[in-house]
Peer 1: 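Can you read through this structure? Questions will come right after.
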Amino acid sequence: DSISISFGVLNDPSLATLTDGDNNKAITGQVAWAGEDISASFQFNWGELQGADDSEQGTYDLLLNYGGMEDVSMWANYTLVTVEQGLSEGKTHGIAVAARMALNDSCGVAVRGEALLRKPHGNNAVDKNSEEYSLTLTGDSALTDNLTAKVELRLDFAADDTLPDSDGNAGEDVAAMALAQLVYEF
């Protein structure tokens, strides 16, 4: 078993810019624990947003991994983003869970579910609550020691018809996607 703790300083808690335009700093940190089959980590970034007065953002992330079964690995992730910006503030919750099962030495199948829940508060009438969900099924096969083929099928669901239609305009509540890729590791 091992425990690690780290802290640091950032220019911007959103990590949107790599430059320091206003000399405000943010803090970052991580506490992680790893056991034989289970690991967990908590990470955060918090501070003032660059170029915005009285604006703060915090990102808090909890990740759990389990690999105690020979052919199955699983993980769960919860992320919270808080924003306080003048009269507008809100929270975004992200939840993801996934599992992968090895079918043999070179092939596997995985399933992943995700939820994104936005809860704005304050006097900003443009922002509203929103919910988005996705379910993904992935198959992978090692073609060589360094080359892997992957096929992915994904369904997205959104309340209030916010997903893009065939013309790219919002108006759908369900979207489907199929992807194929080759991954070469050097």
Side-chain angles (χ1 to χ4, degrees), residues 1-8 10 13-16 27-46 57-82 91-119 129-164 166 172-186:
D1 294 348
S2 65
I3 295 176
S4 68
I5 300 172
S6 60
F7 291 97
L10 301 170
S14 68
L15 302 178
I27 57 172
T28 185
Q30 178 187 53
V31 177
W33 169 79
E36 186 174 323
D37 298 329
I38 300 172
S39 65
S41 68
F42 173 74
Q43 302 153 123
F44 70 92
N45 296 332
W46 179 85
Q57 178 171 317
T59 303
Y60 312 93
D61 189 69
L62 177 63
L63 177 63
L64 305 172
N65 287 293
Y66 177 72
M69 293 182 273
E70 185 176 339
D71 295 330
V72 177
S73 61
M74 296 179 267
W75 59 263
N77 179 248
Y78 171 72
T79 301
L80 171 65
V81 177
T82 61
K91 295 179 180 176
T92 301
H93 303 268
I95 303 163
V97 294
R100 182 187 181 276
M101 183 171 77
L103 301 175
N104 58 37
D105 289 341
S106 63
C107 293
V109 63
V111 63
R112 181 177 72 241
E114 299 168 307
L116 185 62
L117 312 169
R118 292 183 187 95
K119 308 286 184 187
N129 290 350
S130 67
E131 298 178 10
E132 297 176 19
Y133 305 92
S134 69
L135 180 63
T136 306
L137 178 65
T138 304
D140 61 81
S141 178
L143 303 176
T144 67
D145 288 342
N146 296 356
L147 184 64
T148 303
K150 293 184 179 184
V151 176
E152 188 168 281
L153 303 172
R154 177 175 166 153
L155 287 176
D156 290 303
F157 309 92
D160 300 328
D161 299 329
T162 57
L163 295 174
S166 60
E172 298 293 329
D173 58 358
V174 177
M177 182 184 335
L179 302 168
Q181 67 178 352
L182 291 173
V183 178
Y184 186 82
E185 295 182 27
F186 295 92

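Both backbone and side-chain heavy atoms feed into the values below; hydrogens, waters and symmetry mates do not. All figures in this text were calculated on a predicted structure; none of them were measured in a lab.
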Peer 1: To the nearest 0.5 Å, tell me how far Leu137 CG sits from Arg154 CZ.
Peer 2: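 The CZ atom of Arg154 is 13.0 Å from CG of Leu137, to the nearest 0.5 Å.
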
Peer 1: State, with a plain yes or no, whether a side-chain heavy atom of Trp75 is found less than 4.5 Å away from one of Leu63.
Peer 2: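 Of all side-chain heavy-atom pairs linking Leu63 with Trp75, at least one is under 4.5 Å.
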
Peer 1: Roughly how far apart are Trp33 CH2 and Ile38 CD1, rounded to 0.5 Å?
Peer 2: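 Spacing of CH2 (Trp33) from CD1 (Ile38) equals 5.5 Å.
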
Peer 1: Please check this pair: side chain of Thr28 against backbone of Phe44, looking for a donor-acceptor N/O pair closer than 3.5 Å.
Peer 2: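 Side chain of Thr28 to backbone of Phe44: a pair is present.
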
Peer 1: Show the atom names and distances, to 0.1 Å, of all donor-acceptor pairs under 3.5 Å that link a side chain in residues 97-117 to residues at least two apart or in another chain.
Peer 2:
unit_1, atom_1, unit_2, atom_2, d
Arg100, NE, Asp140, OD2, 3.1
Arg100, NH2, Asp140, OD1, 2.7
Arg100, NH2, Asp140, OD2, 3.3
Asn104, OD1, Ser106, N, 2.8
Asn104, OD1, Ser106, OG, 3.3
Asn104, OD1, Cys107, N, 2.8
Arg112, NH2, Thr136, OG1, 3.4
Glu114, OE1, Ser134, OG, 2.7

Peer 1: How close do Ala34 and Ser39 get, heavy atom to heavy atom, and via which atoms?
Peer 2: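 Reported closest heavy-atom pair: CA-CB, 3.9 Å.
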
Peer 1: Consider only side-chain N and O atoms of Thr59 and Asp61, and report whether a donor and an acceptor are under 3.5 Å apart.
Peer 2: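 The criterion, which ignores hydrogens and geometry beyond distance, is not satisfied for Asp61 and Thr59.
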
Peer 1: Using the ring pair (Phe, Tyr, Trp, His ring centres under 6.0 Å) criterion, which residues pair with Tyr184? Sequence neighbours excluded.
Peer 2: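 If we apply the ring pair (Phe, Tyr, Trp, His ring centres under 6.0 Å) test to Tyr184, skipping adjacent residues, the hits are Phe186.
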
Peer 1: Determine, stepwise, if the pair Glu132 / Asp156 fulfils side chain to side chain contact (heavy atoms under 4.5 Å, CB included).
Peer 2: CA-CA 7 Å; Glu132 297 176 19; Asp156 290 303; over 6 Å; no

Peer 1: Rounded to the nearest 0.5 Å, what separates atom OG1 in Thr138 from atom CD in Glu152?
Peer 2: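 Spacing of OG1 (Thr138) from CD (Glu152) equals 3.5 Å.
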
Peer 1: Answer whether the closest heavy-atom distance between the side chains of Leu155 and Phe157 falls below 4.5 Å.
Peer 2: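 Touching, per the 4.5 Å side-chain cut-off.
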
Peer 1: Treating Asn77 as the side-chain partner and Leu62 as the backbone partner, does any N or O pair qualify as donor plus acceptor under 3.5 Å?
Peer 2: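 Confirmed, Asn77 side chain pairs with Leu62 backbone.
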
Peer 1: More than 12 heavy atoms of other residues, nucleotides or ligands under 6.0 Å from CD of Gln181: yes or no?
Peer 2: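 Counting neighbours around CD of Gln181, more than 12 heavy atoms of other residues, nucleotides or ligands fall under 6.0 Å, so yes.
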
Peer 1: Any non-hydrogen side-chain atom of Leu80 less than 4.5 Å from a side-chain atom of Lys91?
Peer 2: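 In short, these two side chains touch, coming nearer than 4.5 Å.
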
